[in-house]
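Just below is one structure, and these are the notes that go with it.
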Amino acid sequence: MEIFKNWINKKFFYFFIVINLILWAMVESLRNIISRDSMEAIVWGNLLSAGTNKHPPLSGWLAGGFFNALGEHNIAIYLLGVLCVSISLIFTYKLAKQFLDDKKAICASLIMTASFYYTFQLFYDNFNCNILSMPLWAMMTYYFYKSTTGNKLKHWLILGLVAGLAFLAKYQVALLFFGMFLYLLICKRQCFKQKNIYIAGLIAFLIALPHFLWLIQNDCFSFEYLADRTKSAEFSSQIMNILNRVIVSLKFFADQLLALAPCFALYAILAIKEKNIEFNPHKDNKNDSLFLLCTGLLPLIIIGLSGLFTSSRVVGAWGVTMVGNIGILLFYFFPVKISENTYKLFKKLIIIFMLIWQLAMTIFALLQTKVDMGYPYKKVIGDFNSIWAEKTQNAQNPDGLNLKYVSGDIYYIFQFELYNPKKTKTILDTYGHKNPWLNSLDVANSGVLVISQTEEGLGHYIENLFNSFPEIRPKSKNGNQEESFKQEESFKIYEYDYTIVNKINKSRTRKFYYSIIPPRPVEE
């Protein structure tokens, strides 16, 4: 009888996962355009490179592969994102079963689908390195537990594989590595005397090795993005600096509580119904308790406190990768009795939460006039193909040149590579370093369209281009390189107005600024 009940429970769990996947893909498809993170990942994937200008390359490989394999249609990215979430939920359930009975394990996994990260953040970001890290962290935690408890070589091999891929997804996985190492040091020191852990480590290292080599070859310039991303405001007063550090950390933890509030609310409903809640009934099983704390909570605490001790800025959305096991922690350390009636109530509530979130995001999509959701990329691309041909018609070709390269603000440039039939290439910002993906002479011969939200930003992007591609810097009449593009008479800043119209015909007009670095024939 118990086996039959477990089968019914699993049937509901996987049915929910599939329906949730389909519905979220449909809701996301109401967007006019995929998120800029997703577009950026596709551009990275098109480079076929072992590194990018910001993150390790795995998110790019997957996004580019899916997008191109499914006919360059946006649905590919929506499916990729919800697949990541679905796999994450499945491995959270598999891990939960190691500590909880089947019904509680299902509750511990599905309760996460009520959070902001599995709903709003999924809708807003579609797919990026954070969303990709969700299933990889869940898989790594599960196979780490299986490896340390059963010491089977196959589990260690899978762990090494997933650990290497997780590093290629985002450097932040180092926090989980630290939690795993701390757990081994406290509870499983015997693992260090066995060969399996070193085999797993070797596999992970070999998978990550191409990226390490790429970093060395390119001066680790992608770390400049990380340094800039974590830069915090500095004040002249030491007291204000200390206060700012405290605020940064408190804000991060407050963001996590807010994102998880629907999960806590759902858990509270179950606890109130049963009127039965305990605290840490597993006091005798310190290994399991430490495992969950080291892998499920410690990374979140470390990154939150990093703002306090290092003055670096920490972004609330980074928590999306690290909160996957919060449901397990709740039901393990603060268990409530899950009777059959309570379990039936949970299933109804989680379906209601799912439908409410999807209805809310549907309404949000229909009303949206934000640039990163409703941008009229088809009209903009068509206009700029004409603008470019008109303004470059006397450069090399009387019929005008095709727009081949675009650079500047990430809100506006990626669409050209993804959706322009003429297959424009994106020049990624390499912070003044040599660009490893493009031929400098071809860039100079072809010219560049530069776009920015502000006039000041336009100058920043142009100067970075000049540093990365010296050949395109304009020359004065005597042949010397000019220090500023603005010194050339042909330099002009143009405005471009565009209108975003949502699904109920509410419109919003916005603008950006652009400049054209004209083709400058350069011989080999």
Side-chain angles (χ1 to χ4, degrees), residues 6 8-21 23-24 82 84-123 131 134-135 137-138 141-142 255-274 276-282 292-293 295-297 300 319-358 360-361:
N6 288 342
I8 293 294
N9 291 338
K10 289 180 182 177
K11 190 174 181 180
F12 168 77
F13 174 79
Y14 288 105
F15 179 76
F16 180 92
I17 293 291
V18 172
I19 296 300
N20 190 57
L21 184 155
L23 290 179
W24 272 116
V82 293
C84 286
V85 170
S86 300
I87 295 171
S88 174
L89 292 170
I90 290 170
F91 276 92
T92 299
Y93 166 61
K94 290 170 73 69
L95 178 65
K97 285 175 63 178
Q98 311 304 312
F99 309 98
L100 307 167
D101 64 46
D102 199 57
K103 285 188 292 188
K104 287 185 179 180
I106 290 174
C107 293
S109 174
L110 293 189
I111 199 172
M112 298 308 300
T113 62
S115 75
F116 279 75
Y117 287 145
Y118 288 67
T119 50
F120 178 83
Q121 203 71 44
L122 173 64
F123 174 87
I131 291 174
M134 292 170 68
W137 279 49
T141 308
Y142 171 73
D255 287 342
Q256 308 318 305
L257 291 175
L258 179 63
L260 296 169
C263 306
F264 297 140
L266 185 52
Y267 175 83
I269 293 172
L270 301 181
I272 291 170
K273 183 181 186 305
E274 284 292 344
N276 182 341
I277 186 169
E278 302 178 63
F279 172 69
N280 194 15
H282 310 283
L292 290 175
L293 291 173
T295 59
L297 197 59
L300 198 66
V320 66
T321 303
M322 307 175 190
V323 300
N325 289 338
I326 292 296
I328 300 177
L329 292 169
L330 274 177
F331 283 94
Y332 183 85
F333 287 105
F334 307 95
V336 294
K337 181 182 177 183
I338 304 293
S339 63
E340 196 61 38
N341 287 336
T342 301
Y343 183 60
K344 289 179 181 178
L345 174 64
F346 173 82
K347 290 194 291 186
K348 292 178 182 178
L349 288 173
I350 202 63
I351 291 173
I352 291 171
F353 269 70
M354 175 185 70
L355 294 176
I356 289 175
W357 265 118
Q358 289 167 351
M361 290 298 98

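On a predicted model such as this, the values are computed, not experimentally measured, just so you know.
- Here the closest heavy-atom approach between residue Q121 and residue I131 is recorded as O-CD1, 4.4 Å.
- Among residues two or more places apart in sequence or in another chain, the ring pair (Phe, Tyr, Trp, His ring centres under 6.0 Å) test is passed with F13 by Y93.
- Atom CG of L355 sits about 9.5 Å away from atom CG of N20, to the nearest 0.5 Å.
- Looking only at side-chain heavy atoms (C-beta outward), T119 and M354 stay at 4.5 Å or farther from each other.
- Proximity of L110 to K347: side-chain heavy atoms (C-beta onward) are nowhere separated by under 4.5 Å.
- Applying the side-chain hydrogen bond (donor to acceptor under 3.5 Å, both in side chains) test to Y142 and every residue at least two apart in sequence or in another chain returns nothing.
- By the 30° and 60° cut-offs, the orientation of the rings of F12 relative to F16 is tilted.
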- Query: Are F331 and I338 close enough, and set up right, to give a side-chain contact (heavy atoms from CB on, under 4.5 Å), and what steps lead you there?
  - Reply: CA-CA 10 Å; F331 283 94; I338 304 293; 4.1 Å; yes
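- Between T92 and I328 the shortest heavy-atom distance is O-CD1, 3.6 Å.
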- Message: Show, in sequence, the C-alpha distance, side-chain angles and deciding distance for L329 and F333, and conclude whether the side-chain contact (heavy atoms from CB on, under 4.5 Å) test is met.
- Response: CA-CA 6 Å; L329 292 169; F333 287 105; 3.6 Å; yes
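- The side-chain heavy atoms of W357 and F120, taken from C-beta on, include a pair separated by under 4.5 Å.
- Side-chain contact between L266 and F353 is present, with at least one heavy-atom pair separated by less than 4.5 Å.
- Taken to the nearest 0.5 Å, the SG atom of C263 stands 11.5 Å off from the CG atom of L257.
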- Please lay out, stage by stage, how F99 and K104 fare under the test side-chain contact (heavy atoms from CB on, under 4.5 Å). CA-CA 9 Å; F99 309 98; K104 287 185 179 180; over 6 Å; no
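- Listed by chain and residue number, E274, S339 satisfy the side-chain hydrogen bond (donor to acceptor under 3.5 Å, both in side chains) test with T342 (two or more places apart in sequence, or in another chain).
- Evaluation of the ring pair (Phe, Tyr, Trp, His ring centres under 6.0 Å) rule for W24 yields no partner, not counting sequence neighbours.
- Considering every non-hydrogen atom in both A108 and L100, the closest pair reads CB-CD1, 4.0 Å.
- Taking 4.5 Å as the limit, every side-chain heavy atom of Q256 sits out of range of all side-chain heavy atoms of M322.
- The side-chain heavy atoms of C107 and Y343, taken from C-beta on, include a pair separated by under 4.5 Å.
- Residue M112 comes nearest to G327 through the heavy atom pair SD-N, 3.6 Å, listed as atom of the first residue, atom of the second, then distance.
- S115 and L260 make their closest contact through CB-CD2, 4.1 Å (heavy atoms, listed as atom of the first residue, atom of the second, distance).
- Here the side chains of Y14 and I90 are in contact, with some heavy-atom distance below 4.5 Å.
- Side-chain contact between F91 and P135 is absent, with no heavy-atom pair separated by less than 4.5 Å.
- The side chain to side chain contact (heavy atoms under 4.5 Å, CB included) search around I356 returns I352, not counting sequence neighbours.
- Of all non-hydrogen atoms in I17 and S86, the two that sit nearest each other are CG2-CB, 3.7 Å.
- In this structure, Y117 has no ring pair (Phe, Tyr, Trp, His ring centres under 6.0 Å) partners at least two apart in sequence or on a different chain.
- With rounding to the nearest 0.5 Å, the separation of NZ in K97 from CD1 in I106 is 8.5 Å.
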- Message: Would L292 and N325 count as a side-chain contact (heavy atoms from CB on, under 4.5 Å) here? Give the steps.
- Response: CA-CA 8 Å; L292 290 175; N325 289 338; 5.5 Å; no
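- The distance from the CG atom of L297 to the CD1 atom of I326 is 5.5 Å, given to the nearest 0.5 Å.
- Interatomic distance, CD1 of I87 versus CE of M134, reported as 11.0 Å (0.5 Å rounding).
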